[in-house]
**Student:** 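Got a structure for you, questions after.
We count residues from 1, following the sequence as given.
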Amino acid sequence: MPSFATKTIRVKGLSSDLTQEEFDQLARELGSAPLKKKRFFRSSKEAIPVESVTTSLAPQFGEQIGTITFPSETRKDKAIGQRGRWSCDDKFDGITVLYSGPRPDIDICAIHGLNGNAFNTWSSDSVMWLRDLLPKTEPFEASRVLTFGYNSDLKDRNSLSRIQEWSIDLLNRVGSLRTTEEEMKRPIIFICHSLGGLVARQAMIRLDGYPHLYNGIKSNLCGLIFLSTPHSGSGEADWNKFLVNVVEVIGGVRADAIVNSLRSFNPLSARANEDFGNLKVSPPYECFYETRETKVAGTSRLVVTMASASLNGKAAMPISEVDHHTICKYDSKFRGGYRCIIASLLRLKGLLRNNVAAVALRQLTPNGMPPIDARHYPLAPDRRWYEGRGLRPERQPRALHGRQTELQSLHDLLVICQRHSAIAVTGIGGIGKTEVLLEIARQQINQMNVFFIYAKDESSLKGAYHYIARQLGHLVIDQDRSSQSTALDIWNNLTQDEKVDRFKQWLRRPENAETLFLLDDLDGLKSQELISDAIPHEAQTILFSSRNPVLCEQLNRQSHHIRLCSMEQDDVVQIMEEMLQKMSEAANRTIFSREKLQQIAAALEGHPMASRVAIRYITRVLVQEASEEPDSTFLGIMQGSDFESRKHFLEYRPVGEQSIMDAFLTSRQRLQDPDGIAWKLMQFSAFLETGDPTLDFRQFFYQISRSCRLQPSSFPDYDVLTASKVMISEGFADIEAVSFGEPAVGSIPAKFHPIWLDCTLQCMGESNRIRYMRQVLMICHLTVSNPERGLSPAVYRRHVKRCIDVCKAFRLDTSSLSLTMEVCEWVAGFSAER
């Protein structure tokens with residue numbers, strides 16, 4: 001991208017009393033200058049059509065500044081030569097005010113990216129949306145729109161500025177524009193493309209540390225929109241190569257300053273991310289990334305991925321049909337990307353206003369409020385409806401520890417999501433999905449209507465909707481067409497299903513547009529028809545939990561997905577400490593040190609439900625034994641060979657809750673066939689090394705046909721082991737659909753939670769443990785003995801060591817496996833090594 005505007009000039013030094021009409025006349029004069037064109041060896045002069053010139057005129061620094069866009073670069077160059085007494089340029093460096101309403105209530109400042117120009121970056125052909133579209137988009141008629149230009153031209157050897165210097169220049173220039181008391185109190189939103197986002201982010205860090213130096217800008221009045229900004233430096237080495245290629249082609253001397261600032265996870269980027277996350281006053285911000293590949297050096301690739309565009313746990317949102325260059329260029333109000341940016345501007349504008357003003361923007365009509373006698377509802381004017389399990393004030397749920405990153409991402413998605421969207425919270429059983437949904441509900445009950453639904457079959461689904469409809473009552477009847485008494489009469493004459501239909505119609509009303517539907521354990525409904533029935537089409541935003549990570553793709557909505565993984569050890573310790581405080585009597589009998597709690601958290605691999613069950617099991621069961629340290633006894637059970645006690649713990653069901661084994665069996669029952677190929681693969685996998693992030697255990701099955709020949713008589717599960725790769729893949733897809741483990745992500749292979757593997761081994765019984773282990777060991781031996789094996793022998797040796805560990809955990813002797821003498825001696829060698 002050139003460092004000058006292709007078809008547009010900036011005119012400075014215009015008198016403050018110059019009218020728009022007079023400036024348009026000036027533009028026509030500049031554009032009408034004779035232009036010589038050679039045609040059939042004769043010179044001719046052509047006039048420029050008046051309607052092909054686009055202008056803007058706005059006050060700036062006591063004068064006025066204007067822009068003129070011509071139909072061609074030749075016309076622009078000719079106009080610069082005719083500039084007369086005014087200062088004209090096409091650089092657009094520093095501040096350029098494009099528009100200022102009569103009484104602006106917000107400033108919007110655009111910051112371009114690498115090798116960009118403050119005008120061309122935001123232009124699509126002759127349309128510059130910040131100038132031509134935004135001031136005509138409600139409510140931004142009452143705004144001041146400006147650009148900030150800085151020298152990021154790689155070809156300019158005379159400027160060696162870096163992000164730090166550009167950020168200071170940004171603060172100084174914008175601050176100098178905001179001098180009156182009214183301007184200083186005005187919110188400002190920075191719209192940043194690519195490298196411009198790093199400049200703005202660094203400016204916020206600088207402002208946070210030295211607020212007294214920049215009186216015109218206040219941190220609590222700043223918001224940011226990042227468009228394809230590589231906050232992590234970009235997670236792909238290809239982006240680094242692309243930047244290097246740019247520098248080499250242009251021959252610039254700024255490679256060390258600019259390129260290194262964008263390299264993946266370099267110290268400057270990591271430190272800036274951390275500094276931005278620790279601001280005393282954190283500005284609201286939203287991140288977007290491109291979805292189309294950009295042509296780079298003869299190839300196409302995504303320049304900034306979702307991972308790179310995300311910042312400090314806040315997930316970046318996609319803008320469809322744009323690449324790295326066009327994510328900031330729009331020629332129509334109806335472009336999807338333009339609407340995304342406008343929606344983001346509206347949200348940030350609301351957040352930057354004080355709470356009273358923000359609430360005033362969303363006044364609900366009386367129909368949106370609960371009845372006067374609603375016993376569960378505080379009668380505050382800024383409250384909303386909320387109904388459903390877990391939302392009652394009299395049933396205070398337990399505090400949610402950890403999950404701050406996931407909660408922030410969910411909150412951001414709720415703010416940024418367009419209407420008719422669905423957000424999925426997925427993870428293995430007991431990982432905390434319901435608690436996260438309830439926490440989001442509690443955070444939102446003062447902001448929007450919230451309805452929480454849990455159903456496990458058609459009957460309970462109908463019951464949940466009937467209950468919500470009854471709670472809202474006759475207020476869902478349209479008040480415009482009937483009096484209060486008539487509405488009550490109509491309501492009383494409706495059937496249960498008709499009341500639910502009226503409730504869904506009520507959701508369509510404009511005053512109820514901000515309604516959040518939460519559906520817990522959505523895939524528990526099993527059939528696709530029931531799942532579709534559970535989601536009211538009229539609801540704008542759906543947030544649901546599911547063990548199925550791909551369920552959101554089956555819904556006819558714009559979908560987003562957040563995965564809950566194992567918790568950090570310290571967060572699990574907090575869960576257990578809080579439980580012990582509430583169990584004072586038991587805790588007095590069992591003194592837990594923090595070190596022991598950390599060991600328990602490590603043994604349970606960050607599983608929150610297992611940690612809660614463990615505390616109850618220790619303080620209710622193990623404390624009855626003569627041992628003085630029941631916590632140490634528990635650790636011995638989890639890490640030793642007492643598998644019967646381990647099974648007892650897994651099946652222990654605290655009062656009012658399910659056991660760990662219950663959660664596991666629920667996932668198993670949701671397999672397409674609970675006894676089919678997926679379950680058999682799960683049993684085989686329990687004897688493989690699955691915890692190493694560098695080892696994809698699934699290759700064990702894919703490589704069998706290449707590495708060894710199996711005899712049906714020696715392998716009772718011959719049909720599974722020799723199944724086609726398609727069938728094997730379908731089996732693992734079924735396993736992922738019920739969240740028996742964490743799905744593969746990029747180069748990180750799929751893995752199982754150790755507790756789920758233990759549950760699998762417990763369910764198998766001794767005969768099946770022998771059966772599956774025997775087959776795994778024989779395949780490992782055959783493969784290592786085969787000179788044309790598919791994988792490295794070291795991989796199969798690790799599987800053998802896993803089998804040996806299982807033998808110790810379940811007190812099995814390899815002599816009971818009916819292996820040949822050769823295989824027995826081979827396995828014995830591994831046992832001796834360990």
Side-chain angles (χ1 to χ4, degrees), residues 643 647 664-665 667-669 671-690 697-735 738 740-741 752 756-786 789-791 795-828 830-831:
F643 67 92
K647 182 179 182 182
F664 174 82
L665 293 176
S667 288
R668 181 182 173 184
Q669 290 303 313
L671 293 170
Q672 294 185 21
D673 181 357
D675 296 307
I677 188 172
W679 174 240
K680 292 180 179 179
L681 289 172
M682 186 73 186
Q683 292 176 93
F684 270 117
S685 300
F687 297 95
L688 302 178
E689 175 54 57
T690 63
F697 69 94
R698 296 171 301 180
Q699 294 301 318
F700 175 88
F701 303 94
Y702 292 129
Q703 294 291 332
I704 287 176
S705 61
R706 291 182 53 193
S707 59
C708 57
R709 294 182 180 180
L710 306 185
Q711 299 299 322
S713 58
S714 301
F715 292 87
D717 296 288
Y718 178 85
D719 57 334
V720 175
L721 295 171
T722 58
S724 67
K725 291 185 178 181
V726 172
M727 290 185 62
I728 296 293
S729 297
E730 288 178 349
F732 280 118
D734 196 12
I735 288 173
V738 300
F740 262 147
F752 294 115
W756 268 200
L757 292 175
D758 203 3
C759 287
T760 301
L761 290 166
Q762 297 284 359
C763 288
M764 293 170 69
E766 182 170 323
S767 61
N768 275 333
R769 287 195 288 268
I770 292 174
R771 166 178 170 160
Y772 283 88
M773 190 190 306
R774 176 181 177 276
Q775 294 177 89
V776 169
L777 289 173
M778 289 177 64
I779 290 173
C780 290
H781 179 261
L782 287 171
T783 304
V784 172
S785 303
N786 184 355
R789 53 188 170 265
L791 297 176
V795 173
Y796 292 94
R797 292 190 179 103
R798 293 168 74 178
H799 294 325
V800 173
K801 292 177 181 179
R802 165 64 182 172
C803 289
I804 293 172
D805 289 339
V806 173
C807 283
K808 293 180 180 179
F810 286 84
R811 298 200 296 270
L812 289 173
D813 194 304
T814 54
S815 62
S816 65
L817 302 181
S818 300
L819 298 168
T820 65
M821 182 63 68
E822 181 183 4
V823 177
C824 279
E825 292 176 353
W826 184 69
V827 173
F830 286 93
S831 299

**Student:** If you take the centroid of each ring, where Trp contributes its six-membered ring, are Phe684 and Phe700 closer together than 6.0 Å?
**Tutor:**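 Aromatic pair excluded; centres sit 6.0 Å or further apart.
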
**Student:** So which heavy atom on Thr814 is nearest to which on Cys807, and how close?
**Tutor:**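 Shortest heavy-atom contact: CG2-SG, 4.3 Å.
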
**Student:** Look only at the side chain of Arg774 and the backbone of Ser818, and say whether a donor-acceptor pair between them is shorter than 3.5 Å.
**Tutor:**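 Answer holds: yes.
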
**Student:** Give the minimum heavy-atom separation between Ala678 and Ile735, together with the two atoms involved.
**Tutor:**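 For Ala678 and Ile735, the tightest heavy-atom pair comes out as O-CD1, 3.4 Å.
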
**Student:** Show your reasoning for whether side-chain contact (heavy atoms from CB on, under 4.5 Å) applies to Cys763 and Leu665.
**Tutor:** CA-CA 9 Å; Cys763 288; Leu665 293 176; 4.0 Å; yes

**Student:** Check the pair Arg668, Thr760 against side-chain contact (heavy atoms from CB on, under 4.5 Å), reporting the backbone distance first and the verdict last.
**Tutor:** CA-CA 10 Å; Arg668 181 182 173 184; Thr760 301; over 6 Å; no

**Student:** Starting at CG of Leu777, measure out to OH of Tyr796 and round the result to the nearest 0.5 Å.
**Tutor:**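 Reported to 0.5 Å precision, the distance equals 13.5 Å.
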
**Student:** Hey, could you give me the CE/CZ distance between Met773 and Phe810, rounded to the nearest 0.5 Å?
**Tutor:**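 Atom-to-atom, Met773:CE and Phe810:CZ are 9.0 Å apart.
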
**Student:** Knowing that exactly one of Phe740, Phe664, Phe697 qualifies, which makes a ring-ring contact (aromatic ring centres under 6.0 Å, His included) with Phe752?
**Tutor:**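 Among the candidates, only Phe697 passes.
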
**Student:** Quick check: closest heavy atoms across Leu761 and Ala686, and the distance to 0.1 Å?
**Tutor:**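 In this case the closest contact between Leu761 and Ala686 is CD2-CB, 3.7 Å.
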
**Student:** If you compare all heavy atoms of Leu710 against all heavy atoms of Cys708, which two are closest, and at what distance to 0.1 Å?
**Tutor:**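 That closest heavy-atom pairing would be CD2-SG, 3.7 Å.
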
**Student:** Calculate, to the nearest 0.5 Å, the distance between atoms CE and CD1 belonging to Met764 and Ile770 respectively.
**Tutor:**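 Spacing of CE (Met764) from CD1 (Ile770) equals 10.0 Å.
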
**Student:** Does Arg771 reach the side chain of Gln683, with side-chain heavy atoms less than 4.5 Å apart?
**Tutor:**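 A side-chain contact under 4.5 Å is absent here.
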
**Student:** Rounded to the nearest 0.5 Å, how far apart are OG of Ser729 and CZ of Arg698?
**Tutor:**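 It comes to 8.0 Å.
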
**Student:** Apply side-chain contact (heavy atoms from CB on, under 4.5 Å) to the pair Asp734 and Trp679, showing each step before the final yes or no.
**Tutor:** CA-CA 9 Å; Asp734 196 12; Trp679 174 240; over 6 Å; no

**Student:** Just verifying a value: how many Å separate Arg797 CZ and Thr783 OG1, rounded to the nearest 0.5 Å?
**Tutor:**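 Between atom CZ of Arg797 and atom OG1 of Thr783 there are 12.0 Å.
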
**Student:** What is the distance from atom OG of Ser685 to atom CG of Leu757, rounded to the nearest 0.5 Å?
**Tutor:**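 Rounded to the nearest 0.5 Å, the OG-CG separation comes to 8.0 Å.
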
**Student:** Are the side chains of Phe701 and Val720 in touch, meaning some heavy atoms are under 4.5 Å apart?
**Tutor:**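 No; the side chains remain at least 4.5 Å from each other.
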
**Student:** Between Phe643 and Arg769, is there a cation-pi geometry (under 6.0 Å to ring centre, at most 45° from the normal)?
**Tutor:**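 Yes.
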
**Student:** Are the side chains of Val784 and Trp826 in contact, using a 4.5 Å heavy-atom criterion?
**Tutor:**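 Contact flag for Trp826/Val784 side chains = yes.
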
**Student:** Quick check: does any side chain N or O of His799 sit under 3.5 Å from a backbone N or O of Leu688, one acting as donor and the other as acceptor?
**Tutor:**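 Pair absent, no side-chain N/O of His799 close to backbone of Leu688.
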
